[in-house]
Amino acid sequence: MQRKYPLEKVRNIGIMAHIDAGKTTCTERILYYTGRTHKLGETHDGQATMDFMVQEQERGITISSAATTCIWREHQINVIDTPGHVDFTVEVERSLRILDGAIGLFCAVGGVEPQSETVWRQADKYKVPRICFVNKMDRNGADFFRVLSAIRSVLGANAVPIAIPIEQGPDFKGIIDLVKFCQVRYIEDPKGTYPVEEAISPEYLEYAEKWRHNMLENVAELDENLFEKYCAGEDFTQEEVIAALRAATVAEHLCPVLCGSAFRNKGVRRLLNAVIDFLPSPAEVSSVEGKDLQGEPVQRLTTDEAPMAALSFKLVSDKHVGKLVYVRVYSGAIISGSYVLNSNKGMQQRIGRIFRMHANHQEMVERLECGEIGALVGLNDTVTGDTLCAPEAPIILEQIEFPDPVISVAVQPRKNSDREKLMLSLSKLSEEDPTFTVKTDAETEDTVISGMGELHLEIILDRLRREFNVGVDSGMPEVAYRETISKSVEHEERYRKQSGGHGQYAHVLFTLEPLPAGEGFEFVNEVKGGNIPREYIPAIEKGLVEAMQRGPKAGCPCVDIKVTLTDGSFHEVDSSEMAFRTCASIALKAAFLKAAPQLLEPIMKLTITTPEEYAGAITGNLCGRRGRILGMDGIGNGQVIHALAPLANLFGYTSDLRNMSQGRAAFNMQFEFCEPVPASIAEKVIEERKAKC
């Protein structure tokens with residue numbers, strides 16, 4: 001079947017930004033101007049097309065990334081609208097993994113905010129080309145050039161304006177297009193807002209020429225032919241400028257910057273044109289890299305003719321069609337009714353129905369072509385990050401990395417009869433969201449759920465009640481403490497057990513030493529001369545890993561340690577894998593207590609925006625929560641406070657901040673690192689945890 005739009009005319013883009021920068025509003029305008037919708041939905045009245053979850057409509061924020069497809073200038077644009085709240089950063093992570101380009105959205109007043117930086121670094125990680133859009137140019141305090149400067153200094157991006165504002169704030173009149181070198185005014189009437197292109201007014205000519213010269217200078221530096229013309233004083237054609245900007249953007253040498261006001265319908269058409277002109281198509285990534293089933297590197301051409309390869313990046317439980325697996329097709333085509341290989345699981349699965357998604361609405365199609373994004377039904381054993389490929393040409397694509405949860409609560413059903421239903425519902429939710437985990441505490445038999453923050457778990461509990469009809473009660477949130485050591489020790493452990501017949505014997509000698517923060521666990525085998533047979537080494541490592549799950553100090557997981565196995569012995573009759581596994585587990589717990597163990601707690605980075613008159617009370621309150629003030633920046637009539645504080649002291653902070661500022665302050669919080677708990681507090685935490693066990 002002939003595809004409707006050639007691969008060169010496909011764009012896979014995401015819109016990423018800090019919370020409340022206007023991502024969903026911008027997406028709504030894109031859908032409206034491309035004819036995908038015929039009515040503008042607004043986030044503040046809960047009518048936005050892309051915010052279809054009840055929780056999103058009530059709170060006016062995006063929680064789950066939503067995908068849609070629209071057409072502009074005979075190009076197919078697959079758009080993913082991502083959340084801005086740090087608790088849902090996983091949605092940005094998995095979206096950026098499968099996108100070819102992104103729009104970085106910035107508030108003209110807030111500028112580069114904390115989550116803007118987080119998502120920018122995520123895009124750096126996946127090498128995603130970007131264009132920038134400075135939104136809300138009509139707001140009081142809007143400053144395009146301050147935001148531009150912050151993009152360059154804070155994000156380290158080579159941000160080059162290709163459109164600049166005519167006035168700012170409530171006086172915002174339009175933009176100057178530096179590529180076409182024309183002035184764009186916006187005419188508002190009852191039927192909508194219309195751009196009118198005209199010659200640049202004399203009072204703005206010098207200003208426009210200065211910034212056009214800046215743009216041409218930047219593109220000339222990156223293009224040899226244009227550099228020669230630039231040095232010769234020759235002007236560039238519009239086509240040459242667009243081609244040079246495109247090449248530099250795709251190569252991530254620069255980021256074109258536009259501006260406007262999505263809510264006022266200004267600048268969005270130009271943004272759409274920039275997506276077509278400057279962001280890459282799937283065809284511009286000539287091949288995708290992966291590994292074969294033996295772990296050897298392999299490449300797959302990104303063409304319709306190549307064997308099929310796709311990556312599952314999101315799961316959704318739909319009450320009407322069941323489990324939806326969102327995929328990005330990197331090569332070949334996925335055809336309804338065909339069999340595909342899940343190369344991570346080593347099993348073949350049959351594709352049921354195929355949908356092209358428009359938020360929560362499904363449009364059934366017969367196939368997904370190379371470069372397209374869609375959802376599949378029938379893949380019950382597929383999870384986020386799995387590769388689907390042609391059975392005759394196996395490939396495993398790079399998986400998606402997810403951060404560990406930082407906060408936990410214990411939950412239980414209000415009715416005993418709902419216990420099985422609760423576990424089934426939690427299983428579905430954890431399958432959808434890799435940063436949400438569920439486990440049963442072996443000692444207390446509590447069901448413990450963990451997530452990225454208070455709001456994350458609040459949404460999960462709300463979904464349990466509304467979507468799955470399970471009444472639940474939850475305990476106080478618990479901090480995800482960790483245990484580590486602060487010095488190196490040698491330890492010898494001999495395990496003997498005689499119970500009639502064959503006994504149990506194992507003997508190990510190892511060095512236990514600390515690793516730098518974030519390194520996890522490392523096991524090194526340096527046993528020489530066969531003192532411990534090779535077949536018992538994996539059992540020793542398994543015993544160490546098991547012992548790390550529940551540390552000897554406070555029962556928390558152990559992190560950042562290295563075990564070097566140096567010697568040991570075995571018995572020809574009594575030694576076994578189980579004996580060495582048990583011996584290693586006992587040995588680690590004993591060695592850990594000799595190595596100056598420490599309790600670690602998550603430290604959060606806070607960015608608080610507040611009117612100036614409340615700054616003193618807020619900083620005082622933070623110090624009372626064991627917080628450390630890193631600095632303060634003036635912004636308009638307010639202050640931005642940067643601080644670090646332990647998560648254990650931040651529960652309920654949202655309410656306290658509202659009370660201190662009469663509801664006028666806002667804050668953003670994200671995990672920064674783990675550090676040792678002060679000794680006096682550590683003792684109290686350990687006592688409390690032991691009392692619960």
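Between atom CD1 of residue I80 and atom CD1 of residue I103 there is a gap of 12.0 Å, rounded to the nearest 0.5 Å. In this structure, OG1 on T27 lies 10.5 Å from CZ on R29, to the nearest 0.5 angstrom. The distance from the CZ atom of R356 to the CD atom of E363 is 5.5 Å, given to the nearest 0.5 Å.
At distances below 3.5 Å, not a single donor-acceptor pair connects side-chain atoms of S201 with backbone N or O atoms of E203. With R130 contributing its side chain and G104 its backbone, the two residues share no donor-acceptor pair below 3.5 Å. For the pair E113 (side chain) and G110 (backbone), a donor-acceptor distance under 3.5 Å is absent. A donor-acceptor contact shorter than 3.5 Å links the side chain of R36 to the backbone of T69. With Q168 contributing its side chain and F144 its backbone, the two residues share a donor-acceptor pair below 3.5 Å. Side chain of K9 to backbone of I276: no donor-acceptor contact under 3.5 angstrom is found. Remark: side-chain polar atoms of E284 are paired, donor with acceptor, to backbone N or O of S281 under 3.5 angstrom.
In terms of heavy-atom proximity, D223 sits nearest to N225 at OD1-N, 3.0 Å. Across all non-hydrogen atoms, the minimal contact from T34 to I71 is CB-O, 3.3 Å. Across all their heavy atoms, N135 and A262 have their closest contact at OD1-N, 2.8 Å. Considering all non-hydrogen atoms of both residues, I98 and Y330 come closest at CA-OH, 3.4 Å. For the pair A208 and I164, the tightest heavy-atom approach, listed with the atom from each and the gap, is CA-CD1, 4.2 Å. G371 and N12 make their closest contact through O-ND2, 2.7 Å (heavy atoms, listed as atom of the first residue, atom of the second, distance).
Pairs of residues two or more places apart, or lying in two chains, that qualify as salt bridge (Lys or Arg N to Asp or Glu O under 4.0 Å) and include a residue from residues 253-273 are D138-R264, D177-R270, E188-K266, E197-R270. Pairs engaging residues 141-165 under the salt bridge (Lys or Arg N to Asp or Glu O under 4.0 Å) rule: none recorded [sequence neighbours left out]. Screening residues 224-261 for ring-ring contact (aromatic ring centres under 6.0 Å, His included) gives H213-Y230 as the qualifying pairs, with residues at least two apart or on separate chains.
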Could you walk me through whether S116 and F106 pass side-chain contact (heavy atoms from CB on, under 4.5 Å), step by step? CA-CA 8 Å; S116 313; F106 300 90; 4.0 Å; yes
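Using a 4.0 Å cut-off between a side-chain N of Lys or Arg and a carboxylate O of Asp or Glu, E93 and K125 qualify as a salt bridge.
N273 and R73 share a donor-acceptor pair across their side chains, judged by distance under 3.5 Å alone.
Because its NZ or CZ atom is both nearer than 6.0 Å to the ring centre of F181 and within 45° of the ring axis, R212 counts as a cation-pi partner of that residue.
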